[in-house]
Every structure is written in C-alpha cells, then in structure tokens.
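First listed ligand is number 1; within each ligand, the first listed atom is number 1. For the numbers below, each heavy atom of this structure counts, side chains included, while hydrogens, waters and symmetry mates do not.
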Amino acid sequence: MQLIQRPRRLRMNEAIRKMVRENQLSVTDLIYPMFVRYGENIKNPVPSMPGVYQYSLDLLPKALEEVVALKIPAILLFGLPATKDEVGSGAYADDGIIQQAVRLIKKHYPDLYVITDVCLCEYTSHGHCGLVQDGRILNDQSVELLVKTAVSQAKAGADMVAPSDMMDGRVGAIREALDVAGFCHIPIMSYAAKCSSAFYGPFRDAAGSAPQFGDRRAYQMDPANSDEAIRETALDIEEGADLIIVKPALAYGDIIYRTKQEFGLPVAAYNVSGEYAMIKAAAANGWLDEKSTVLETLLSLKRAGADLLITYHALDVARWLNLA
Ligand code: PBG
C-alpha cells in the first residue's frame, strides 16, 4: 500500500516546529541606520518613517542608550550637514557632522560597532552622489572625494565604511587609500548591487538628499537586471570589498540569493525606507499585524541568504527577540 506522505507531522506543535526550523532571526543580525544632524536639542521625527528621528549631536548619546541596552551590535550612520555645496565638502571635513558623531559615539560607547555611509548626496547642493558637470555625474573625480570621505571617517574612529554612491572603481580606490593611511584593518561593506529604486523615497526626506534635478539612473543599477548585479558584486569583491550589500531587499530576494550562492561572502540586505514605510502605514491602519509582518519579512531575507539585516525596525525587532 502506498503510504501518504505527511509533512504535517513536523508541524504538530511549537516544540517540533522550533526543532526543525531552518532559519532564525537574531539580534546579532541587526544593523540600525541612524540620522545625525546639525543643530542642538533636536529630535526631529521623519514623517514618512514613523519611529525614525534625526538627532542632533547632543541628543545622540541618549538615543544610543537604548540601542546598546537592546544589544544591537551595530549602527549605520547618515549625516545632515548645516550647509551643502557643489562639491559636498561636509562629507570629508574633519569637523563634518559624521566625523563629530563618530568621535562622540566612540567616547560614550567604545564597543558599539559604528559603520559610516560613504556618499556625497547628503552634502551636495544638487543632491547627487557625485560631482556634476553639464548635467552629468562625473565618475573618477567623484571617487577622489569619496576616498577622502572614507579616510576621514576612519580617522574619526569608524569601525567600517560603507560606500553607497555606485561610482565605478570606488571600492578599490578606498581600499588603497585606507591601507596607505594606516587603516588596513577597517573593512569595506560595499553597496555592491544597489538599484535605482522608488523605495528610497522616505529616506530622501530623512536625509534631505533628494536629487535637485534628474534621477540616479546613470549610476544606480537598473531594477530589471540580475546578471549585472553579479558583475557589479564581482567587481567590488575583486577591488577589496569584505562584505556586500543588496539594496533594496524585499523585491530583490533573487539577488540576495544569487550573490550569496555565487560569492559566499557575508551579505547584508538593506530593508530600505520605503519597505519600512509600507509596513508602518498598513499597521497604522490596522491592515497588517506589525510584529508578525516585520518578523516574516526579515526572516524571508535570511532565507534568501542574507547574513545581516540593515533595518529601521531594529529597535522593535530587538525588543521582540529579547523577550521571546
Ligand atoms: C545614499 C543612500 C540612499 C540610501 C542609502 N544611502 C538613498 C539614495 O540612493 O537615494 C537609501 C536608504 C533607504 O531608502 O532606506 N546614496
């Protein structure tokens, strides 16, 4: 007699479900993106990202108390400078907002792992990630400024740098400059496969980094491409990337999967601002249960192959996991 196959046997109760569970979320997977800004005594809510704030430097240590208490191992820092210019000088100034923030954080929380975003878009008056000439984004000249940015962040005490600009050759140039400056021990987590995405909308409010003309399609990848994601990632690894980021995350599970399979390096999935905003909006309307939706979403990224999760939900997730 042909016996019926009964996969449900391993789903009978929570004990057996836990025993055979293939993927787990852990607080150590989490990287929490944060926005630091000029000014004093400011905790500015980002309207399209409920629960996310821009903090002035004086309020930053207080905000980090919770991050540290929840045992979130790492933060990813973005900065909003007091003034912007054509060449994004605030990105690589020794007293730039990020450089100041890193020094301050390291004084209060030496063990918190601080990753700095390396890009120009928050610092340029035109909002592009590189230098602009006649409406075009220059590559090699932009790389020179990105290199200066990364080195100045390492000098300030950053534990890791994360270039998000998508200029060609920047990983190799940053690696070389870091090594020359005595920072051969500082890893590079490159936004290797970063698509030109509508899901970044809320972030550009949070970071004040919307391009003032055009869009980013001449440097960020076309969302239609996955072979190109593999080529981009291979280049970054050849140039010295230690970890790679796939961004956005939710609509890009295939790319997380392919990059992990192909290269075996640690992969971070960036669960971006628009992905956060969608769940927050649906939850606020009572249309989705926030906790289970967030946990399922992040678990799906781990299932796809992500090792690390860059997410604005990190505080909530850490709270839920610490209680579980
Ligand atoms: C800057 C940068 C962006 C994000 C991270 N770094 C925005 C962009 O490329 O316009 C997006 C993050 C998010 O949406 O959460 N280069």
Side-chain angles (χ1 to χ4, degrees), residues 30-36 46-54 75-81 84 88 90-92 97-98 115-124 126-132 137 139 142-143 145-146 149-150 153 160-168 170-171 174 188-223 232 236 244-252 268-281 294 297-298 301 308-314:
L30 301 172
I31 299 174
Y32 184 45
M34 294 184 79
F35 301 95
V36 287
V46 180
S48 50
M49 302 177 72
V52 172
Y53 301 86
Q54 303 167 338
I75 55 171
L76 172 60
L77 283 183
F78 296 94
L80 290 90
K84 305 185 186 225
Y92 39 89
I97 185 77
I98 286 298
I115 309 169
T116 46
D117 183 79
V118 179
C119 198
L120 298 181
C121 62
E122 292 110 303
Y123 307 91
T124 49
H126 44 72
H128 278 287
C129 305
L131 292 172
V132 175
I137 316 305
N139 193 88
S142 303
V143 168
L145 300 183
L146 294 159
T149 303
Q153 293 171 343
M160 179 189 280
V161 295
S164 71
D165 51 282
M166 291 301 279
M167 298 301 134
D168 294 332
R170 91 277 204 218
V171 173
I174 290 174
I188 300 176
M189 177 164 72
S190 77
Y191 289 69
K194 175 174 178 181
C195 284
S196 175
S197 169
F199 289 103
Y200 305 152
F203 174 92
R204 292 175 189 173
D205 287 344
S209 63
Q212 299 304 302
F213 69 90
D215 53 43
R216 304 208 198 286
R217 285 184 291 177
Y219 41 106
Q220 297 179 351
M221 272 181 40
D222 184 338
E232 272 282 3
D236 282 12
I244 55 158
I245 299 179
V246 176
K247 175 177 173 195
L250 260 192
Y252 295 80
Y270 199 142
N271 177 219
V272 298
S273 57
E275 300 171 3
Y276 176 84
M278 287 195 300
I279 293 183
K280 283 287 180 184
V294 169
T297 297
L298 296 181
L301 302 177
L308 295 166
L309 305 166
I310 305 172
T311 179
Y312 305 97
H313 296 290

Practice task
Please examine the side chains of His128 and Ser142, heavy atoms only from C-beta on, and report whether any two atoms are closer than 4.5 Å.
Solution key: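 No, every pair of side-chain atoms sits at 4.5 Å or beyond.
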Exercise for the section: Fit a plane to each ring of Tyr312 and Tyr270, take the angle between them on a 0 to 90° scale, and name the class: parallel (under 30°), tilted (30 to 60°) or perpendicular (over 60°). Expected result: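 Tilted: the ring planes of Tyr312 and Tyr270 meet at 30° to 60°.
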Practice task
Can you tell me which residue pairs pass the side-chain hydrogen bond (donor to acceptor under 3.5 Å, both in side chains) test with a partner in residues 192-206, sequence neighbours excluded?
Solution key: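 Counting only pairs at least two positions apart or across chains, the side-chain hydrogen bond (donor to acceptor under 3.5 Å, both in side chains) contacts touching residues 192-206 are Ser48-Asp205.
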Exercise for the section: Please list, chain by chain and in numerical order, all residues satisfying salt bridge (charged side-chain N to carboxylate O under 4.0 Å, His left out) with Arg217, sequence neighbours excluded. Expected result: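 In terms of salt bridge (charged side-chain N to carboxylate O under 4.0 Å, His left out), with neighbours along the sequence ignored, Arg217 is linked to Asp215.
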Exercise for the section: Please list, by chain and number, the protein residues whose heavy atoms come under 4.0 Å of ligand 1. Expected result: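 Close residues (ligand 1, cut-off 4.0 Å): Phe78, Asp117, Cys119, Cys121, Cys129, Ser164, Lys194, Phe199, Tyr200, Phe203, Arg204, Arg216, Gln220, Lys247, Tyr270, Val272, Ser273, Tyr312.
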Exercise for the section: For atom CZ of Phe199, decide whether the heavy atoms of other residues, nucleotides or ligands shown that lie under 6.0 angstrom number more than 12. Expected result: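 Check fails, neighbour count at 12 or below.
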Handout entry: Thr149: partners by side-chain contact (heavy atoms from CB on, under 4.5 Å), with sequence neighbours left out
Key =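 Ala91, Tyr92, Val118, Leu120, Gln153.
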